[in-house]
Amino acid sequence: LHLSIRRQRQMCIRDSYNQEGFDDNDLGFAINGGYRLNDNLALNLDMSYTRGDARYNISDNEELIDYSNSMNIDSFYITPGVNLIYPINTDFEVYAKLGLSIVLTDAEYTQKTHEQTGLFTSTSTTETMKDWDITATMGFGGQWNFGENWAATFEYTFTQVHLQPYTNSGNDYSGIDMDTQNILVGLRYRFN
């Protein structure tokens, strides 16, 4: 079981405007299990959750319209993979990991429009979007074996996701690109 301190960055939302550059830090969680084949190789399955919260504003000075946009993105990652392990001694190990993530995403997109011509008017639209992607996850970590069956772990993972969300409205989105970096701190129990 891992507690994830997530940094999600470089999200690009492309619709009729080009919006780039989004940073978000949040907490998440990851649960993983696996089977150690030998001293240097283990198979693992990770399941994790992240949440992104993008907010940005756009002004159209010619039409005197301001757009306030927000997007809440919930992503679930299912990642089978391998750990390549190097035991430093009986207490400490370092490892590299490589996996293939299935990313399931729900997003809620809200746009508020403020028109400054004549009477001030404001409208708001909200829609739900869904998508999924299959992409590589890479990382590295260390493990301290402090008991007969217990270990403390520290891990970093990186996943780059491209989403092409579909909606029930006629809005056209050319894509969302998202880099997710996780710093995970947790405990691991070994069955003998």
Side-chain angles (χ1 to χ4, degrees), residues 1-15 18-37 40-56 69-86 93-110 127-144 151-167 173-189:
L1 178 64
H2 285 96
L3 174 66
S4 167
I5 303 168
R6 178 185 53 77
R7 178 167 177 75
Q8 192 164 307
R9 64 186 196 93
Q10 292 181 346
M11 176 183 286
C12 304
I13 302 169
R14 301 184 190 96
D15 47 21
N18 224 357
Q19 173 63 26
E20 298 192 11
F22 160 65
D23 286 306
D24 188 28
N25 295 296
D26 206 347
L27 292 176
F29 70 87
I31 298 173
N32 58 27
Y35 181 75
R36 190 150 180 174
L37 299 172
N40 302 106
L41 183 65
L43 303 176
N44 62 284
L45 177 66
D46 297 347
M47 289 178 283
S48 60
Y49 164 79
T50 64
R51 180 174 178 85
D53 184 9
R55 300 184 187 282
Y56 58 96
N69 303 279
S70 66
M71 182 175 281
N72 298 318
I73 301 174
D74 295 298
S75 298
F76 299 89
Y77 298 73
I78 302 168
T79 310
V82 296
N83 285 5
L84 305 173
I85 305 162
Y86 178 75
E93 301 173 336
V94 293
Y95 57 89
K97 66 185 308 177
L98 180 62
L100 195 61
S101 291
I102 302 165
V103 185
L104 309 171
T105 300
D106 286 317
E108 184 178 84
Y109 179 72
T110 302
E127 60 184 325
T128 302
M129 302 182 289
K130 298 179 181 296
D131 197 15
W132 65 282
D133 192 19
I134 297 178
T135 187
T137 293
M138 297 168 285
F140 58 88
Q143 178 170 303
W144 170 42
T153 59
F154 177 84
E155 187 174 295
Y156 167 84
T157 62
F158 174 82
T159 307
Q160 189 174 52
V161 181
H162 175 76
L163 302 173
Q164 186 66 54
Y166 58 90
T167 69
Y173 297 91
S174 60
I176 299 171
D177 297 319
M178 188 167 60
D179 294 346
T180 302
Q181 301 178 59
N182 284 299
I183 297 173
L184 301 108
V185 179
L187 292 174
R188 184 170 289 157
Y189 183 80

Got [X] and [Y] here, is their nearest side-chain heavy-atom distance under 4.5 Å?
X: D46; Y: Y77; answer: no
X: L104; Y: D74; answer: no
X: D179; Y: F158; answer: yes
X: N182; Y: T50; answer: yes

Considering all heavy atoms, the nearest [X]-[Y] contact:
X: T159; Y: A136; value: CG2-O, 3.8 Å
X: Q160; Y: T135; value: O-OG1, 2.7 Å
X: P80; Y: L45; value: N-CD1, 3.8 Å
X: F154; Y: Y95; value: O-OH, 4.1 Å

Distance-only donor-acceptor check, side chains T137 and T157, under 3.5 Å: no
Side-chain donor-acceptor pair present, S75, T105, cut-off under 3.5 Å: yes
Side chain to side chain contact (heavy atoms under 4.5 Å, CB included) evaluation trace for T153 with L184: CA-CA 8 Å; T153 59; L184 301 108; over 6 Å; no
From M138 atom CE to L98 atom CG, the distance as rounded to the nearest 0.5 Å: 7.5 Å
Distance, nearest 0.5 Å, that separates CG of N44 from CG of N83: 4.5 Å
Partners meeting side chain to side chain donor-acceptor pair (under 3.5 Å) with Y156 (sequence neighbours left out): Q181
Under 3.5 Å donor-acceptor, D133 side chain and H162 backbone: yes
Heavy-atom donor-acceptor pair, N40 side chain to I85 backbone, under 3.5 Å: yes
Salt-bridge contact E93-R36 (side-chain N to carboxylate O under 4.0 Å): yes
Residue list, side-chain contact (heavy atoms from CB on, under 4.5 Å) with L100, at least two apart or on another chain: I134
Residues that L84 engages under side-chain contact (heavy atoms from CB on, under 4.5 Å), provided they are two or more places apart: L41
